[in-house]
2 protein chains.
Amino acid sequence: MQKLQQSLCCQQCHFSQLCLPYSFKGKEIERLDDIVVRKSPYQKHQRLYVSGQPLVSLYAVRSGSFKSFTLSEDGEEQITAFHLPGDIIGFDGLEMMQHQSYAEALETSMICEIPYDTLDHLAGVFPKLRQQITRIMSGMLCQHQAMLLQLNKRSASERVLYFLASLGQRFGDRGFSDKAFRLSMTRSDMANYLGLSIETVSRLLTQLQKEDKIEVEGKLITLLDKAIPS
Amino acid sequence: MQKLQQSLCCQQCHFSQLCLPYSFKGKEIERLDDIVVRKSPYQKHQRLYVSGQPLVSLYAVRSGSFKSFTLSEDGEEQITAFHLPGDIIGFDGLEMMQHQSYAEALETSMICEIPYDTLDHLAGVFPKLRQQITRIMSGMLCQHQAMLLQLNKRSASERVLYFLASLGQRFGDRGFSDKAFRLSMTRSDMANYLGLSIETVSRLLTQLQKEDKIEVEGKLITLLDKAIPS
DNA sequence: CGACATGTTGAGACACATCAAACTGAGTGG
DNA sequence: CCACTCAGTTTGATGTGTCTCAACATGTCG
C-alpha cells in the first residue's frame, strides 16, 4: 500500500514538469502531495463536473484525456479545450467559485483532485507554487489567443492541420511521439472545436492525406514533413 | 500636489470594484496604492507594450480604452480584446514573463502601472489580493469561452449584436449607460475581432437598424429593446 | 450477427468574402 | 473659410468556401 502511494506521488509522475510541481523542491512537493487526492479511474463519457456546480477542487489529468465544453441556452455544445496528462482542469470556475463548463472523459482516465482552498493557502506560503498557477492560467490565455487567430483568419484546411500539429506538439511535450498519435476525440468533437462541420473535417483529413501532409488511419494520425508549416 | 495624488488613488477611483482593490480594506489598499504608478496620458495609437518585450508591469486602464492584438508571422493583426476603465492588461505575458501581444490606445487614455514583482509579493501577503488576481484571470478565461461559442456557432448578425450587447453591459458595469454609448474602435477593429469583413459589419449595422434592434449614428450606438435576446 | 454510433463521399445551396466605387467626415494648408 | 486629402465607412455586384442534405460505408459493442 505504501508502495502504491509512492508510485502515485507527484515526484514519480512523468508529467510533473507540466503540472503544478514544476520547479519544486522536496519539501514543497511533499506538501502538495499531501493535499492531492488520487481518484479512481473515470470511464469514457463520465463527467468530472458540470456547469453551475460549486468549485471545490481543480483536477489534474494523470492519464487519458478529457474535453471541456460549454452548453448554450438552447443546449448546443461548444468544446473549449482538450486536456492531456499534466493538464489542470477547472480554472474557469475560480471567478464565481462555480464551474462554468463541463469536463468529460474521452477515454478511461486517471485524475488527481486538488482541493482548492488548501491549494490557495499553499499558494500564499510558496511563491513558486503561486507563480506556477499564474503561469498555467497565463498560458491558457495565450492558447486562446492563438485559437482566435485560427478561427478568424485561417481556412478550414489550415485549422485542421493546426489542430493536429498543436496536438502533436503537446504529445511531444509529454514524451510521446509528436508525429504519430491516436486521437481520443471523435471527428464530431474536432469539428465542434474548430467551428467546422463534421463532413468538412472528414473531407479535409482525406485531402491532407492526398497532399502528403498527414497519414490517416481512423483515429491514428501521422504528421509528415510537409505538415510542418513552410 | 498632495490633493492631486489623493484624487488619483485607488480609494477614489470609480472603477476600483472591477479592478484589483475589489473588496479591500484600508490597510491593504494603501499598500497597493504605494506600488501603483500613475502614468502620463497615452495618445491614440500609442502602445503600452509590444510582443516580445519583457514583462515588468501589468497595466490598469484608468480612462479611455485599449485594444490587445497579436500579429501572425505574416503580419496580420488579430484583435483579442478591447479594454475599458478598470480592466487590467498584460496577463498573457506572465507565462513567459514576456508580453505575447500588443496593447494600443484607441483614444487618449490614462493608465495605472502595476509593477509585477511587488504585486506578486503582495499577493503572497494578502489572500484577498491573490484571490482577486485569480478571479480576474479566471473571468478572462470565461470570456474567451463565450467568444469561442460566438465565433463557432453564431451568424455574422448575431456576432455583431452580441458584441454591442456585451460592450453595453460592460459600460453598465462601470456606471455608464448600457444602452447608449460611443464606440472607440473602428469598424475595421470590430470586424477583425469578430472574424468578419469590414463590409459585412457595416452592412449588418444598417440591417440591425432597419430591424429596430439598434440605432447607429457613426460611432454612437443605441441598443433598443429588440436587441435584448428573446 | 445485428444494431447503432461514427465516419466518408457527393451534389446543391447559401452566407459571407472579395472586388469595386462612391460617400462622409476630420484634419490640414492655402 | 474653403478646398484638399485621406482614413474610415457605406453600398452594390459577383465569387467561393463551407454548410446542409442525402446516401452509403465502416467500425464497435452488445
Side-chain angles (χ1 to χ4, degrees), chain A residues 43-46 65 67 76-79 82 104-108 149-164 182-211 214-221, chain B residues 43-46 65 67 76-79 82 104-108 149-164 182-211 214-221:
Chain A
Q43 297 304 318
K44 189 174 181 173
H45 295 139
Q46 197 178 345
S65 54
K67 65 175 175 181
E76 50 188 350
E77 176 176 323
Q78 175 58 57
I79 296 175
F82 295 105
E104 189 177 305
L106 294 171
E107 59 196 311
T108 305
L149 181 71
Q150 290 295 318
L151 296 179
N152 279 351
K153 297 276 189 298
R154 301 290 179 241
S155 69
S157 173
E158 290 170 313
R159 281 186 236 178
V160 171
L161 198 55
Y162 165 83
F163 174 75
L164 296 176
R182 202 195 107 265
L183 298 174
S184 59
M185 71 288 296
T186 65
R187 301 283 192 263
S188 174
D189 285 336
M190 281 180 59
N192 182 296
Y193 180 62
L194 296 172
L196 302 171
S197 68
I198 301 174
E199 296 94 324
T200 297
V201 168
S202 180
R203 266 184 267 269
L204 289 174
L205 284 173
T206 61
Q207 190 192 309
L208 287 168
Q209 188 167 27
K210 277 179 193 156
E211 297 170 358
I214 63 174
E215 275 177 12
V216 186
E217 213 180 310
K219 302 248 176 200
L220 262 42
I221 300 288
Chain B
Q43 298 304 318
K44 189 174 180 174
H45 296 139
Q46 198 177 345
S65 54
K67 66 174 175 181
E76 50 189 349
E77 175 176 325
Q78 175 59 57
I79 297 175
F82 296 104
E104 190 177 304
L106 294 172
E107 58 195 313
T108 305
L149 181 72
Q150 290 295 318
L151 295 179
N152 278 352
K153 296 280 189 298
R154 300 290 179 240
S155 70
S157 173
E158 290 170 313
R159 281 186 236 177
V160 171
L161 198 54
Y162 165 82
F163 174 75
L164 296 176
R182 202 193 106 267
L183 299 173
S184 59
M185 70 289 294
T186 65
R187 302 283 192 265
S188 175
D189 285 337
M190 281 180 59
N192 182 295
Y193 180 63
L194 295 172
L196 301 171
S197 68
I198 302 174
E199 296 93 325
T200 298
V201 168
S202 180
R203 264 185 266 269
L204 289 175
L205 284 173
T206 61
Q207 191 193 307
L208 287 168
Q209 188 166 27
K210 277 180 193 156
E211 296 170 357
I214 64 174
E215 275 177 11
V216 185
E217 213 180 310
K219 302 250 177 199
L220 262 42
I221 299 288

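Within every chain, numbering begins at 1; the chains are lettered A, B, ... in the order of the sequence lines, protein sequences first and strands thereafter. The analysis underlying the following values was restricted to heavy atoms, covering all of them including side chains, and did not include hydrogens, waters or symmetry mates.
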So, the side chain of A:N152 versus the backbone of B:Q78: is there a donor-acceptor pair under 3.5 Å, distance only?
no
Has the side chain of A:R203 got a donor or acceptor atom sitting under 3.5 Å from an opposite partner on the base of C:dG7?
no
Note down the inter-axis angle between the two ends of the helix from C:dC1-D:dG30 to C:dG30-D:dC1, five pairs each, to the nearest 10°.
40°
Please state how far atom CZ in A:R154 lies from atom C1' in D:dG17, giving the value in whole angstrom units.
16 Å
Quick one, B:I214 and B:V160 - any side-chain contact, counting heavy atoms below 4.5 Å?
no
Given atom CD of B:Q207 and atom C1' of C:dC16, what is their separation to the nearest angstrom?
12 Å
Among B:T200, B:L208, B:L205, which residue satisfies the side chain to side chain contact (heavy atoms under 4.5 Å, CB included) criterion with B:S157?
B:L208
Is it the case that more than 12 heavy atoms not belonging to B:K219 sit under 6.0 Å from its NZ atom?
yes
Looking at side-chain heavy atoms only, is the closest gap between B:E199 and B:R203 below 4.5 Å?
yes
Quick one: A:N152 CG to C:dA17 P, roughly how many Å, whole number?
10 Å
Kindly say if B:K219 contacts the phosphate of D:dG8, meaning a side-chain N or O under 4.0 Å from OP1 or OP2.
no
Candidates D:dT10, D:dC19, D:dT18 - which lies nearest the side chain of B:I198
D:dT10
Nearest whole Å is fine: how far is D:dT10 C1' from B:L204 CG?
13 Å
Please state how far atom CD in B:E158 lies from atom P in C:dA15, giving the value in whole angstrom units.
12 Å
Could you measure the distance from the CG atom of A:L183 to the CZ atom of A:F82? Nearest 0.5 Å is fine.
9.0 Å
Would you compute the distance between atom CG of B:N192 and atom CD of B:E76 and round it to the nearest 0.5 angstrom?
9.0 Å
Identify whether any heavy atom of A:L205 sits under 4.0 Å from a base atom; if not, whether one sits that close to sugar-phosphate; answer base, sugar-phosphate or nothing.
nothing
With side chain to side chain contact (heavy atoms under 4.5 Å, CB included) as the criterion, how do B:E77 and B:E104 come out once you've worked through the C-alpha distance, each side chain's angles and the decisive distance to 0.1 Å?
CA-CA 12 Å; B:E77 175 176 325; B:E104 190 177 304; over 6 Å; no
Nearest whole Å is fine: how far is C:dA15 P from B:R159 CZ?
13 Å
For the atom pair NZ (B:K67) and NE2 (B:H45), what is the distance rounded to the nearest 0.5 Å?
7.0 Å
Return yes if some donor-acceptor pair links the side-chain N/O of A:R154 with the main-chain N/O of A:L149 below 3.5 Å, else return no.
no
For B:Q209 and D:dT9, give me the distance from atom CD to atom P, rounded to whole Å.
15 Å
When the distance from CD of A:E107 to P of D:dT28 is rounded to whole Å, what number comes out?
14 Å
Side chain of A:S197: nearest nucleotide among D:dT11, C:dT9, D:dC19?
D:dC19
Regarding the side chain of A:T200, the nearest nucleotide among C:dC16, C:dT18, D:dC19 is D:dC19
Within residues 186-195 of chain B, which residues have any heavy atom lying less than 4.0 Å from an atom of DNA chain D?
B:T186, B:R187, B:S188
Regarding C:dC19, can its base be found pairing with the side chain of B:E199 as donor and acceptor, where the two atoms are less than 3.5 Å apart?
yes
